[in-house]
Amino acid sequence: MSGAVLYRKWRPADFDEVVGQETVVRTLRNAVAQDKISHAYLFCGPRGTGKTTTARILARAINGRTASTGATALGEMDDLGFDLVEIDAASNRGIDDIRELRERANYQPGSARFKVYLIDEVHQLTGAAADALLKTLEEPPPHVVFILATTDPEALKPTILSRCQRFDFRRVSVDDMVLRLNAIAEAEGIDIPDEALRLISREATGSLRDGVNLLDQVWVMCGATISLEAAQEALGLSPDARAAELASAALRGELAEGLAVLSAVQEDAIDFGRFKRQVVIHLRHALLKLTGATGTLSLSAPELERLDEICQGVDAQAAVTALRAFSEADVRRDPYQPLPLELALASIVYDPPPAPAPSNPAPQQRTQQRTQSSTQQRPQRQQRPDAQRRPPRQSSAREQQATRNLPDRTTEPQQPARTAEPVAEAAAGQGLLDQIVGTLMRRDKVLAAAVRDGCQSARPVDNGLVLEFPAHREGYMKRCQDALPLLSEVAEHVLKRPVQVECILLSQSNGPAAGASGGSQAKPPAQSSRSRLAEEAKSRFGARPFHAN
């Protein structure tokens, strides 16, 4: 066994050994073959995906030092000597460091064709240092190539990004990592099953460097022969079969069975944080299985069989509910108390998700919903205190006599109702006035107050509406006369028919005062009571006026 750690010993030394970055490798290989070398490259992607390694390979390739050109001693940094300069921007991030780099860049390379500057974690540079680097990228010496590597390209200035050829490195898939780890294990004489290699690859989360490190860790603990159980124990991932049992109980809403599992786990003094993670993994796999996304799962045959058992007779909605409940359970305060997981399980059983609303309700239902919504949102008009309410207006004797003389209309054909709300209901004296005031409050509060405080009654006529004001409220009447168009519009809204409003100032005997009417049409002056009596006597009794000599 070599004394070097595996990830350094097995670092790729040529493009052929780079794992999981086929697009990047193909582009760079073609650039070298066609001698189309850019002055600046940007390698970005998650940690452990091969950015720095690929940068070193590219530096050797453009100077003819790779295996394809017959070079030897692959993988060693001193292949290019002083012509490959690596800078860690995390620790050399100041403007003085970049100024020194600019000065050194002016010198010709020693034995190589290009002098290559590899700046790792370039996003860590200060603002002033980034500006100084930008100046060099704008006008680089012809013998210099810059390779910038970063895990956070969004932190870089757009002006720097625009001057580099960008290559995005993606996470290494589980299958690609298993192949690479298997090749390393065979070369090192390690006997390890594919299930253990797949477990290590999943734990590496796409970082090949982490995967090789984990393989090294398991090798040190277990020796040359490694089983799946030994790998799980070495990585602290020993699966608890009770996690699958709890996941199954949560999917089926079996509260008693789930609580029994949690009680047994507590008696064994197991960390519920780690146990919860295993339960969440089972529930996530169940969700993917139930939604038909099994292509994203990288499970062994025994694990797939166990997953089929868990998902039997369960729908996807149950998996979503259970996964949300256990993911939100917080066991960090006391990792040895099962209460958060017990509450999560109980919420699945007793708090099922509400039924979804119909996506396309019937037209009648939509109308009812709009009506209910508008009724709930419409502000209620405040009622006046009983002490402030106006008493109902008493009809005068003259009006009662005129009512008795009206012709009988019971034999005339009835007109069909124009609206769902009968006009007769809206015209009920004080109720009609209150409706007008309530509607005006949303349009003109000052005018509404004038009608409310000054108007004594609202009396519908054939094609209009008469607002009657007492003699001592003449100022209120004038305010309303100035806003007759708005009053007519509000009255039309209340009565559901064309309306012209007229304001009348009543005399002390409740009769309209002369010249007090107002409206869109001129009205004849009101007759005196003596003239009306004479006309009535003439029409009913044939009387003629007496003229004194």
Side-chain angles (χ1 to χ4, degrees), residues 11-15 17-18 24-25 27-44 50-150 153 156-157 159-167:
R11 181 190 293 272
D14 202 350
F15 285 129
E17 299 179 5
V18 177
V24 174
V25 168
T27 305
L28 295 177
R29 193 192 296 272
N30 292 339
V32 173
Q34 300 173 18
D35 197 22
K36 295 182 178 179
I37 309 301
S38 175
H39 71 282
Y41 295 91
L42 175 63
F43 293 171
C44 49
K51 300 183 298 295
T52 304
T53 298
T54 306
R56 293 175 179 174
I57 295 173
L58 177 62
R60 291 171 177 80
I62 63 178
N63 286 292
R65 302 293 182 87
T66 60
S68 59
T69 59
T72 58
L74 298 178
E76 297 298 330
M77 289 183 56
D78 59 356
D79 283 347
L80 295 175
F82 294 104
D83 294 332
L84 173 60
V85 181
E86 294 194 24
I87 301 174
D88 180 16
S91 55
N92 302 278
R93 57 194 305 264
I95 187 172
D96 293 335
D97 300 306
I98 300 302
R99 285 173 177 171
E100 182 181 356
L101 182 150
R102 293 174 55 185
E103 293 178 0
R104 295 172 59 183
N106 293 323
Y107 295 101
Q108 293 289 334
S111 59
R113 179 186 176 190
F114 293 100
K115 196 176 187 69
V116 181
Y117 286 89
L118 170 56
I119 306 178
D120 203 3
E121 299 299 333
V122 67
H123 65 276
Q124 299 269 11
L125 292 177
T126 63
D131 292 336
L133 176 63
L134 175 62
K135 182 62 176 177
T136 305
L137 293 178
E138 289 177 347
E139 300 175 358
H143 58 273
V144 173
V145 174
F146 288 96
I147 304 178
L148 314 180
T150 178
L156 293 176
K157 293 178 178 291
T159 50
I160 292 180
L161 294 174
S162 65
R163 286 166 173 80
C164 301
Q165 285 191 10
R166 175 170 174 169
F167 293 87

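- For E138, the salt bridge (charged side-chain N to carboxylate O under 4.0 Å, His left out) criterion is met by R163, not counting sequence neighbours.
- With sequence neighbours excluded, no residue forms a side chain to side chain donor-acceptor pair (under 3.5 Å) with Q165.
- Every residue two or more places apart in sequence or in another chain that forms a side-chain contact (heavy atoms from CB on, under 4.5 Å) with A129 is listed here: I98, L125, T126.
- Considering all non-hydrogen atoms of both residues, P109 and H143 come closest at CD-CD2, 3.6 Å.
- Scored by the side-chain contact (heavy atoms from CB on, under 4.5 Å) test, R99 finds I95, D96 as partners (sequence neighbours excluded).
- Taking the side-chain contact (heavy atoms from CB on, under 4.5 Å) definition, one finds that K157 meets it with A130, D131, T159, I160, sequence neighbours left out.
- Every residue two or more places apart in sequence or in another chain that forms a ring pair (Phe, Tyr, Trp, His ring centres under 6.0 Å) with F167 is listed here: F43.
- Annotation: side chain to side chain donor-acceptor pair (under 3.5 Å) contacts of D120 (sequence neighbours excluded): T52.
- With a 4.5 Å cut-off on side-chain heavy atoms, E121 and R93 do not count as touching.
- Applying the side-chain contact (heavy atoms from CB on, under 4.5 Å) criterion to V18, with sequence neighbours excluded, gives P12, Q21, V25, T54, I57.
- Shown here are the salt bridge (charged side-chain N to carboxylate O under 4.0 Å, His left out) partners of R113, two or more places apart in sequence or in another chain: D35.
- R166 meets the salt bridge (charged side-chain N to carboxylate O under 4.0 Å, His left out) test with D168; sequence neighbours excluded.
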